[in-house]
Structures are given as structure tokens and as C-alpha cells.
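Written out below as C-alpha cells is the structure these notes cover.
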2 protein chains.
Amino acid sequence: MRDEITCRVCRGAIRPPARGRRPVYCSRACQARAYRSRRDPPVPVPVEAEPAGRRRQIVEAVWRIAAERGLQMATVREIAAEAEVSPRVVQYHFADKHDLLVTALRMLHRENEIRARERIIALRDAADPRVLLRATLEELLPLDDQRQASLRVMAAYYARSLTDPALAEVFLHDANPLEDLVAALITAAGPGPSIDVAREADLLVGGVSGLGLDLLHGRRTRADVRRTLDYHLGRILTGR
Amino acid sequence: MRDEITCRVCRGAIRPPARGRRPVYCSRACQARAYRSRRDPPVPVPVEAEPAGRRRQIVEAVWRIAAERGLQMATVREIAAEAEVSPRVVQYHFADKHDLLVTALRMLHRENEIRARERIIALRDAADPRVLLRATLEELLPLDDQRQASLRVMAAYYARSLTDPALAEVFLHDANPLEDLVAALITAAGPGPSIDVAREADLLVGGVSGLGLDLLHGRRTRADVRRTLDYHLGRILTGR
DNA sequence: TCCCTTGCGGTACGGACGTATCAATGACAG
DNA sequence: CTGTCATTGATACGTCCGTACCGCAAGGGA
């Protein structure tokens with residue numbers, strides 16, 4: 001029934017393998033002959049040509065699953081389905097699942113930095129350090145769907161990173177330039193008297209992280225967080 | 001070989017079941033007779049009597065695994081091994097795995113509140129609102145092994161709660177009495193002029209959460225966080 | 001003596017998981 | 001025509017997972 005296969009070209013017998021796809025031709029020559037005599041497939045191969053590449057497509061599927069269903073649901077089969085490819089394609093483009101997860105985190109990291117830079121530069125008053133400072137801090141908050149999804153993914157990854165050195169490394173990669181940036185922006189915006197810009201930057205960045213997590217839970221409203229942020233910026237900076 | 005069992009008491013034939021432990025007696029009567037004729041087991045049953053109960057023992061195993069290896073490693077079999085019981089015992093004491101995880105989170109929540117209260121009340125200067133405020137905030141930081149383990153577990157649970165309503169409910173259970181408590185303590189300790197205690201409390205609690213997560217990663221030192229906290233408490237409160 | 005309850009041992013079931021294996025495909029080079 | 005390459009299809013393997021099932025142990029109450 002299942003054994004005894006004959007080559008489609010030369011009618012020779014082929015022995016079926018223990019695993020994998022069942023052979024159709026007995027040799028490369030027969031396969032090439034069949035290919036050539038075909039010439040003009042039913043569909044002229046839409047060649048949709050993923051410009052961003054398969055890897056990118058798969059990584060984005062990881063992000064979506066992690067944000068909507070959590071990292072524990074990001075199995076190879078689920079990721080493949082979400083990316084609309086076969087599981088084999090996932091297997092081909094990444095060494096293993098761990099490699100895929102680490103790559104997805106690294107790419108999200110870069111992505112966030114790029115998008116943040118773009119959004120901040122696009123501001124009309126990009127020259128005003130006060131506006132820059134506010135925008136920089138708000139970049140860490142889930143104030144739109146894109147940032148919310150990103151923060152959800154990052155939160156899931158943070159938890160994993162506590163028990164996975166490879167993931168932790170991504171989080172710790174750049175020491176703390178964010179706090180330094182915020183401190184520099186405070187200095188440029190004109191801090192009030194007896195203000196320790198480094199300490200203020202530390203609490204601001206830490207606070208925005210904490211408040212962001214509350215926002216994800218719906219434990220606070222966006223307006224509430226904005227008001228808190230306004231208050232503290234007004235307190236730190238001179239003039240009004 | 002495997003079939004054809006005879007009752008240990010009446011020597012009657014028993015048919016082996018398709019699943020589960022193989023029968024030894026043919027009836028309840030024979031089993032009871034064997035039990036009675038035994039009377040005085042090899043070990044006089046030390047009756048170790050878990051004072052805290054099996055459920056507690058199992059839940060603590062969940063905490064340890066979640067803190068050291070992450071929630072995704074908290075499988076029923078791993079939990080049972082960590083608690084030094086059989087998987088069947090875990091199955092018996094909890095409706096299912098999800099019930100166990102939710103229970104473990106709820107118990108940790110209570111545990112943390114109790115321990116925090118004890119530690120704060122044990123302070124010598126428990127009457128001084130300034131000391132109380134500092135202790136309350138430090139309670140959220142991983143400043144010793146116990147609090148560090150607890151925070152690691154909570155971080156793992158937080159990530160899960162983003163995609164698990166039952167877990168989210170535990171986090172959201174009490175609206176935000178912590179911020180209210182901190183605000184009350186600031187008021188009692190004597191805030192400086194033009195200080196909005198509610199806004200200060202919000203950023204302090206959020207900031208301490210964010211800084212605590214950095215501490216878990218080793219992105220900051222305990223001394224650094226303490227200094228930041230000192231600075232802000234000194235800034236908010238009048239007098240020195 | 002019998003029934004019932006609480007607690008647990010041991011194991012089986014069915015499915016999902018990450019990964020391995022082998023072949024086919026389409027394009028190109030020699 | 002043949003070889004090679006990057007990519008993908010189609011399973012199969014072995015393991016682990018959550019849970020279901022059946023029975024034993026020890027005692028309480030009638």
C-alpha cells in the first residue's frame with residue numbers, strides 16, 4: 001500500500017524513506033527532466049518578494065504573540081501560523097527557538113530606539129529642551145497602541161531575562177545612557193536651584209517605567225500619568 | 001505474566017485494571033482484614049504533621065521555582081519534586097495547575113503585606129512618620145534575599161497577568177491604597193511648601209518599582225538606589 | 001462489622017513541544 | 001546534462017506536559 005513507489009519519469013522503483021517527504025523521482029536527472037518538460041507552472045509564481053525578509057516577518061509574529069498572548073504561547077508552531085509560513089521555515093531561518101527569541105528581543109530594542117528618535121525629531125519644537133525632555137519620557141509610556149504592544153512584549157521579556165542570561169544581556173547592553181540623556185536634557189532645560197539632575201533623572205526614568213506598568217494593567221489612566229509627569233517636570237525646571 | 005492476580009487474603013482471582021495501581025485485595029473486606037491483622041506497622045508513624053499544611057508546602061515550592069528558574073519551569077512535576085511530594089499530591093490539593101498558580105500568587109501577596117507590617121512595626125522609631133515613610137518605600141525594594149526572591153516572583157507573575165485575567169485580578173484587587181498610604185505618611189511627616197503629596201506619592205511608588213526592577217538586573221546598586229531615595233525624601237519633606 | 005472520608009501511590013492517556021531527517025523546488029553555473 | 005545552492009514541504013522522533021483513572025492506607029462514625 002504505502003511502499004513500492006515508481007519514478008514518475010523512468011518508472012523505476014524507489015524505496016520510501018523512514019521519515020520525511022516521500023520521493024517522486026528516482027534521480028536528480030529525472031527530476032530536472034520533469035521540471036523542464038513542465039515550464040509554465042499553473043501560477044507564474046507571484047514572487048511576492050518579502051522586502052524585509054523572512055526573518056523580519058517571523059520576528060514580527062513573535063512580537064504579536066508575546067504582546068497578545070504572552071511569551072509562553074510563542075511556540076514554534078504558533079509563531080509559524082502567525083507569520084503564515086510553515087514551521088519548517090522558522091526552523092530554517094533561526095538556529096533554534098532560543099536564538100529566535102533573542103533575535104526578536106534585539107530587533108525590538110533597535111526598533112524602539114529608531115522609532116523614538118524619529119518621533120522626537122519630528123517635533124515642531126525639537127529645539128526646546130523642555131519639549132524634548134517631555135517627549136523622551138513619554139516615549140517610555142504606553143500612550144498609543146504601538147507603544148503599548150511594545151511595552152507588553154518588553155515586560156514579558158523582562159520576566160524571562162531574570163532567568164536567561166542571553167536575554168538579560170540585551171537589557172543590560174548599554175549601561176544607562178537613558179538616565180544620562182534625561183539628566184542632560186534637564187540641565188539644558190534649566191533646573192531649579194538645589195536640584196540634583198542625576199537623582200532627578202534616576203527617579204524620573206524609574207518612575208516612568210513603574211507608571212507605565214500600571215498603565216498596562218489599567219491601574220492608572222493616561223491622563224493621570226500625564227498629570228503626574230507634568231507636575232514633576234514643572235517642579236524640577238525653573239521658570240514656568 | 002502481568003494478568004492473573006490472586007487476592008492476598010482469600011486467594012481469589014482478580015482481573016487487573018487497564019490503568020492505575022494493580023489491585024492486591026479482591027474486596028474492601030479483605031483489605032480491612034489485612035489491615036487489622038497487621039496492627040503495628042514497621043514504623044510507628046512519626047506523624048510529622050505539617051503544621052502549615054500541604055498546600056502551603058506546595059505553594060512555597062512554586063515560589064522557589066518561579067524565583068530561581070522562572071514561572072515557565074513551574075510544571076506540576078517540578079513543583080512536586082521541589083516540594084518533595086508526589087505529583088499526585090499536588091493534583092489532590094489543587095483543582096488544577098491554574099488554580100495552584102493563582103493561589104500561590106494570592107498567598108505571596110498576603111505574605112508580603114504581613115511581613116512588611118511586621119518589619120515596619122518592629123522599628124524603634126515607629127512613631128516618626130519620616131522613618132515610617134522610608135521603611136514603607138524600602139519594603140518594595142529587593143534589599144535582602146527574601147525581598148529579592150519575592151520581587152522576582154512578582155515580576156514573573158506580572159508578565160503572566162498581562163494575558164491572564166485571574167492573575168490580573170490579584171494585582172488589581174486593592175485599588176491603590178499604597179499610594180494613599182505613602183501620601184498620608186508624607187503629609188504626616190511634614191511636606192515642604194507647594195508640594196502635591198498625591199503626585200509625589202505616585203512618582204515615589206512608581207519610581208521605587210522601576211528602580212527595584214533595575215536592582216534585580218544588577219543595573220543599579222543598592223547604595224545608589226538608597227541615595228536616590230534619600231535625596232527625594234529630603235527634597236519633599238521640610239526641616240532636616 | 002460495614003460504610004464513608006481524607007490523603008496519597010502509581011500509572012496511563014492524549015496531546016503539544018522542539019527538533020531531526022529526507023526530499024522537492026527553482027534558479028543558476030560549468 | 002549535471003552539480004550546487006538556498007529555500008521549503010512533509011513528515012517522524014522522543015520527550016514532557018496536564019490530567020484522568022483506579023486502588024491502597026488509615027481512621028471516624030454508626
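Since this is a predicted model, take the numbers as computed values, not measurements. Just so it is clear: chains get the letters A, B, ... in the order the sequence lines come, proteins before strands, and each one is counted from 1. Values below: all heavy atoms of this structure, side chains included; hydrogens, waters and symmetry mates excluded.
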Rounded to the nearest 0.5 Å, what separation is found between the CD1 atom of A:Ile58 and the CD atom of A:Glu60? 11.0 Å

Round to the nearest Å and state the distance from B:Arg55 atom CZ to C:dG7 atom C1'. 14 Å

Do other residues, nucleotides or ligands put more than 12 heavy atoms under 6.0 Å from the CG atom of B:Asp144? yes

For B:Gly210 and A:Ser209, which heavy atoms make the closest approach, and how far apart are they? CA-CB, 4.5 Å

Respond yes when some side-chain nitrogen or oxygen of B:Arg88 is under 4.0 Å from OP1 or OP2 of D:dC22, and no when none is. no

Measure the spacing between CG of B:Asp202 and OG1 of A:Thr228 and express it to the nearest 0.5 Å. 4.5 Å

Quick one: CG on A:Leu108 to OG on A:Ser150, what's the gap to the nearest 0.5 Å? 4.5 Å

Between D:dT7 and A:Tyr92, is there an OP1 or OP2 to side-chain N/O distance shorter than 4.0 Å? yes

Looking only at heavy atoms, which two atoms of A:Ala166 and A:Val102 are closest? And how far apart? CB-CG2, 4.1 Å

Would you kindly give the CG-to-P distance between A:Asp96 and C:dT21, to the nearest whole Å? 15 Å

Check nucleotides 14-17 of chain D against the protein and report each pair of N or O atoms closer than 3.5 Å, with its distance, or say if there are none.
from, atom 1, to, atom 2, distance (Å)
D:dC17, OP1, B:Thr75, OG1, 3.3

Between B:Ala159 and A:Ala156, which heavy-atom pair has the shortest distance, and what is it? CB-CA, 4.0 Å

Quick check on contacts: within residues 58-70 of chain B, what sits under 4.0 Å from DNA chain D by heavy-atom distance? none

When you match A:Ala95 and B:Val85 each to their closest nucleotide on DNA chain C, which lands nearer the 5' end? B:Val85

Just compare C:dC8, D:dG9, D:dC21 and give me whichever is closest to any side-chain atom of B:Gln91. D:dC21

Could you check whether atom CZ of A:Arg119 has more than 12 heavy atoms from other residues, nucleotides or ligands sitting under 6.0 Å from it? yes

Is the centre of the B:Tyr158 ring less than 6.0 Å from the centre of the A:His217 ring? yes

Answer yes or no: does a side-chain N or O of A:His93 lie under 4.0 Å from OP1 or OP2 of D:dT8? yes

Rounded to whole Å, CZ of B:Phe94 lies from P of D:dT19 at a distance of 13 Å

